[in-house]
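Beneath this line is the structure, given in structure tokens, with notes to follow.
As the structure is a prediction and not an experimental result, all values here were calculated from the model.
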Amino acid sequence: YRAVACTDWTWDWIIAKNVPLPGEVTPAAKVSVAVNEAGTRSTTGTHIPVGVCACLGLQSATASRRFRGHLLLPPAWTASAVGGDGLNQSDAYWTNCGAFLTELLKGADGGSGWTGAQLSAYRLCIYSRKAASLSLPYVVHVSGGVIRPKASFLRRRERGSI
């Protein structure tokens, strides 16, 4: 993931927390790990708005609109990363997003599995709050993923909250 972020950015923390079921009043369990490591993608040229980014579309074998997962990645940050309203597929940003997706999908169904004592038993999944609120099955395993070719825009980044 560091290769997607440019060198002027630093990963402060990784925070993971469970998503409470609808109606639960117990606080969500969460864990955070201090990282404090800089991104490794070199950037030159004209900067673009910090809200412009790639979006990974996560897929499942379940044919339901409730289980469309997505993950917004760090900002593209340079004009060379985009072309029109799409991402430039020959730029380092696209390449690094693809490398991250490949690593992420090791935790998907049919993937080789994540390495390390902490992650080896976990699988990547998509959670549906709507399905949970209807008392239906609300978690499915991820079976694949793609980088959406159209550039996404995350407005809250423009307000200074990355």
Side-chain angles (χ1 to χ4, degrees), residues 1-5 9-37 39 41 49-77 81 85-87 89 93-162:
Y1 207 48
R2 289 178 55 214
V4 179
W9 298 61
T10 301
W11 294 112
D12 297 326
W13 298 87
I14 295 175
I15 300 171
K17 66 179 185 175
N18 70 331
V19 180
L21 295 174
E24 265 187 15
V25 292
T26 342
K30 107 176 168 179
V31 64
S32 61
V33 177
V35 177
N36 294 320
E37 293 189 21
R41 182 172 53 99
V50 74
V52 178
C53 62
C55 181
L56 301 184
L58 302 176
Q59 304 158 336
S60 74
T62 305
S64 170
R65 290 177 51 184
R66 292 188 182 115
F67 296 109
R68 292 187 202 167
H70 64 275
L71 180 63
L72 293 162
L73 295 182
W77 199 234
D85 65 350
L87 296 170
Q89 296 181 17
Y93 182 69
W94 177 275
T95 303
N96 295 349
C97 290
F100 174 69
L101 178 61
T102 298
E103 289 300 313
L104 189 65
L105 291 179
K106 287 181 179 179
D109 282 351
S112 60
W114 289 317
T115 57
Q118 309 297 332
L119 290 176
S120 61
Y122 289 92
R123 303 302 285 166
L124 189 60
C125 63
I126 300 169
Y127 167 81
S128 169
R129 184 179 304 245
K130 179 67 175 175
S133 72
L134 297 171
S135 299
L136 297 171
Y138 53 86
V139 176
V140 295
H141 286 157
V142 170
S143 60
V146 296
I147 304 171
R148 295 181 179 165
K150 188 173 180 179
S152 295
F153 192 83
L154 191 56
R155 285 185 307 230
R156 87 166 169 236
R157 287 185 179 159
E158 289 298 309
R159 294 189 302 260
S161 164
I162 295 181

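- The closest side-chain heavy-atom distance from L134 to R66 is below 4.5 Å.
- Residues V140 and Y127 form no side-chain contact, since every pair of their non-hydrogen atoms from C-beta on lies 4.5 Å or further apart.
- Looking at heavy atoms from C-beta onward, V50 lies in side-chain contact with W9 at the 4.5 angstrom threshold.
- Put simply, the side chain of R148 reaches to within 4.5 Å of the side chain of H70, judged on heavy atoms.
- Side-chain contact between I126 and V139 is absent, with no heavy-atom pair separated by less than 4.5 Å.
- In this structure, the side chain of N96 engages the main chain of A3 through a donor-acceptor pair within 3.5 Å.
- Interatomic distance, C125 SG to F67 CZ, rounded to the nearest 0.5 Å: 10.0 Å.
- In plain terms, the two heavy atoms of P22 and A132 that are nearest each other are CD-CB, 3.6 Å.
- Residues K150 and D85 have side chains in contact (heavy-atom distance under 4.5 Å, counting atoms from C-beta outward).
- When the shell of 6.0 Å around OH of Y138 is examined, it contains 12 or fewer heavy atoms from other residues, nucleotides or ligands.
- Closest approach of Y93 to A81, counting heavy atoms only: CB-CB, 3.9 Å.
- Here the shortest heavy-atom pairing between C53 and P74 reads CB-O, 3.7 Å.
- Considering every non-hydrogen atom in both C97 and L73, the closest pair reads SG-CD1, 3.5 Å.
- Across every non-hydrogen atom of P149 and W94, the tightest pair is CA-CZ3, 3.9 Å.
- Using a 4.5 Å heavy-atom cutoff, the side chains of F153 and L72 are not in contact.
- In this structure S32 satisfies the side-chain contact (heavy atoms from CB on, under 4.5 Å) test together with W13, I15, sequence neighbours excluded.
- Closest approach of A151 to V52, counting heavy atoms only: CB-CG1, 4.0 Å.
- Among residue pairs with one or both ends in residues 100-115, those qualifying as side-chain hydrogen bond (donor to acceptor under 3.5 Å, both in side chains) are E103-K106, D109-H141; sequence neighbours excluded.
- Side-chain contact check for D12 versus V35: every heavy-atom pair is 4.5 Å or farther apart.
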